[in-house]
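So the structure is just underneath, and the comments pick up after that.
Quick caveat, the model's predicted, so the values are computed rather than measured. As the structure lists them, so they are numbered: ligands from 1, and atoms in each ligand from 1.
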Amino acid sequence: MTVIIDGKELAKKIRGQVAQEVEKLKNRGVNPKLAVIMVGDDPASKVYVKNKSKACNEVGIEFEEFLLDKNIEKNELITLIEKLNWRQDIHGILLQSPIPEHLDIYDAFGAIDYRKDVDGFHPINIGRLALNRQTFISCTPHGILKMLQEYNINLKGANVVILGRSNIVGKPLAQVLLNNDATITICHSKTKNIDKITKNADILISAIGKAKFVTADMVKQGAVVIDVGINRGEDGKLVGDVDFANVSKKASYITPVPGGVGPMTVAMLLNNVVIAAKYLNAQ
Ligand code: NAP
């Protein structure tokens, strides 16, 4: 029987735990606060920022939004980040991607105080992850790890195939799962014979952004299938990278889209804000 992994329910549980931690911090006089910077007016980013604001509100985390014009100069963005680094009332700083191409997003990530880098994209935090030291793990990979752990899916020695090698999902995810003793294969747009590789996966994770790319013939019977992709289907509805209707007949565990990885990403962001607030106010 196939188990549909309920990311929505699990995220709700994590948000409940975060709300309790926020309450404890408030009793100590610390009000956890997230600052979100958005450059330009990308419609998808607007929705993501609105969702993050709502999620913060629900668990008692304060939220401050900074909307910058798409033509802003690099030094104006860095100056704002530095101001936020110094503000003691702000514990987490998130730069919503994408940002306009004339601004280097990695320079901007690097300008964020690594202790407030709740997205886990600062080079120090990426380096610490590579060294398997305590750090902010970026939210989507962290959410996937939590899901696998909550459903008692074995990672030790498991053959994990990740489709996608982006800096925000594929690469940190590979590192997180490697740190948990899985054996990792990463595929990308230049990989040959992807279907042969995916068929060997005990756990197959797709993060490429192509609707229904993963078909049932690419999946081993009984595999765990995690779908990170968020795409619009022909009917305008959200669909993942996985052909859910057919792959779910073969998988032992599978995440739906929506209601799988997405809610976990937001829950882990809230969790990271609490960690930052605790760390910055450690006595
Ligand atoms: P991205 O930066 O565009 O990276 C896509 C990756 O997929 C690249 O490594 C690319 O290979 C690879 N790829 C593209 N076409 C491929 C193909 N035909 N075969 C094999 N590999 C292929 O995307 P991203 O930011 O990582 O996001 C990926 C998807 O996850 C998107 O749908 C995004 O919306 C979604 N997402 C969801 C969440 C969530 O919380 N659920 C969070 C983040 C992202 P190359 O490197 O060779 O170009």
Side-chain angles (χ1 to χ4, degrees), residues 5-8 10-12 14-15 36 42-52 54-55 94-99 101 104-106 109 118-121 126 136-148 160-177 184-201 204-215 217-219 225-233 236-244 254-272:
I5 296 180
D6 192 341
K8 225 170 154 182
L10 184 51
K12 195 171 151 195
I14 294 167
R15 288 204 309 271
V36 171
D42 177 60
S45 293
K46 276 187 185 166
V47 175
Y48 293 139
V49 170
K50 198 172 150 209
N51 288 345
K52 285 167 189 169
K54 190 167 165 261
L94 183 152
L95 174 62
Q96 183 65 45
S97 67
I99 62 173
E101 274 178 20
D104 185 327
I105 198 157
Y106 296 105
F109 287 149
V118 287
D119 249 346
F121 295 150
I126 292 169
F136 287 115
I137 302 176
S138 57
C139 304
T140 303
H142 201 181
I144 293 169
L145 176 67
K146 274 270 168 198
M147 267 180 165
L148 296 170
V160 177
V161 175
I162 299 171
L163 304 182
R165 59 172 166 179
S166 73
N167 290 330
I168 65 160
V169 186
K171 281 189 216 162
L173 178 60
Q175 195 66 63
V176 165
L177 300 180
I184 315 294
T185 306
I186 306 178
C187 301
H188 48 79
S189 66
K190 312 290 182 294
T191 303
K192 290 177 185 148
N193 303 320
I194 282 194
D195 54 340
K196 284 207 178 76
I197 299 170
T198 55
K199 264 187 213 151
N200 281 324
L204 174 61
I205 308 177
S206 185
I208 63 173
K210 290 207 159 37
K212 298 188 180 180
F213 179 87
V214 177
T215 49
D217 58 318
M218 294 169 71
V219 177
V225 180
I226 306 289
D227 192 351
V228 186
I230 303 175
N231 314 290
R232 288 270 166 209
K237 287 188 182 157
L238 283 189
V239 282
D241 288 350
V242 175
D243 174 8
F244 184 88
I254 188 166
T255 60
V257 176
V261 175
M264 291 298 291
T265 297
V266 180
M268 299 324 290
L269 169 67
L270 303 175
N271 190 55
N272 278 351

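Atom 29 (C) of ligand 1 has as its closest protein heavy atom G209 N, 3.7 Å. Ranking the protein heavy atoms by distance from atom 42 (C) of ligand 1 puts T140 OG1, 3.3 Å first. Protein heavy atom nearest atom 8 (C) of ligand 1, with residue, atom name and distance: R165 N, 4.0 Å. Counting protein heavy atoms only, atom 48 (O) of ligand 1 is closest to S189 OG, 3.6 Å. Among protein heavy atoms, the minimum distance from atom 37 (C) of ligand 1 is reached at V228 O, 3.1 Å. Of the protein's non-hydrogen atoms, the one nearest atom 44 (C) of ligand 1 is V169 CG2, 3.9 Å. Scanning the protein for heavy atoms near atom 33 (C) of ligand 1, the closest one is I230 N, 4.2 Å. Ranking the protein heavy atoms by distance from atom 2 (O) of ligand 1 puts S166 CB, 3.4 Å first.
Contact annotation: for D241 versus ligand 1, there are no heavy atoms closer than 4.0 Å. When non-hydrogen atoms are compared, ligand 1 lies under 4.0 Å from the backbone of I208 as well as from its side chain. With a 4.0 Å cut-off on non-hydrogen atoms, K210 touches ligand 1 through its side chain and not its backbone. Contacts with ligand 1 closer than 4.0 Å are made by side-chain heavy atoms of I194 only, the backbone lying farther away. Under 4.0 Å from ligand 1, the heavy atoms of T265 that appear belong solely to its side chain.
Contact annotation: the side chain of D119 never approaches that of S138 to less than 4.5 Å [non-hydrogen atoms, C-beta and beyond]. Residues F244 and V257 are not in side-chain contact: their nearest non-hydrogen atoms beyond the backbone lie 4.5 Å or more apart. Taking the side chain as every heavy atom from C-beta outward, N231 and D241 approach each other to under 4.5 Å. Put simply, the side chain of I205 reaches to within 4.5 Å of the side chain of V160, judged on heavy atoms. You'll find the side chain of I162 stays beyond 4.5 Å of the side chain of V169, heavy atoms only. A heavy-atom distance below 4.5 Å is not found between the side chains of V176 and H142.
Other residues, nucleotides and ligands contribute more than 12 heavy atoms inside 6.0 Å of the NZ atom of K199. Counting heavy atoms of neighbouring residues, nucleotides and ligands inside a 6.0 Å radius, atom NZ of K52 exceeds 12 of them.
Every atom of ligand 1 is numbered from 1 in the order shown, and the set under 4.0 Å from a heavy atom of G262 is 40 (O), 41 (N). Numbered from 1 in the order shown, with element, the atoms of ligand 1 that lie under 4.0 Å from a heavy atom of I168 read 25 (O).
For the atom pair CG (L163) and CD1 (I208), the distance works out to 6.0 Å, reported to the nearest 0.5 Å. A distance of 13.0 Å separates CZ of F136 from CZ of F121, quoted to the nearest 0.5 Å.
Here's the thing with Y48: none of its N/O atoms is less than 3.5 angstrom from an N/O atom of ligand 1.
Distances shorter than 4.0 angstrom occur between a heavy atom of A207 and an atom of ligand 1.
The shortest heavy-atom contact between D42 and P98 is OD2-CD, 4.0 Å.
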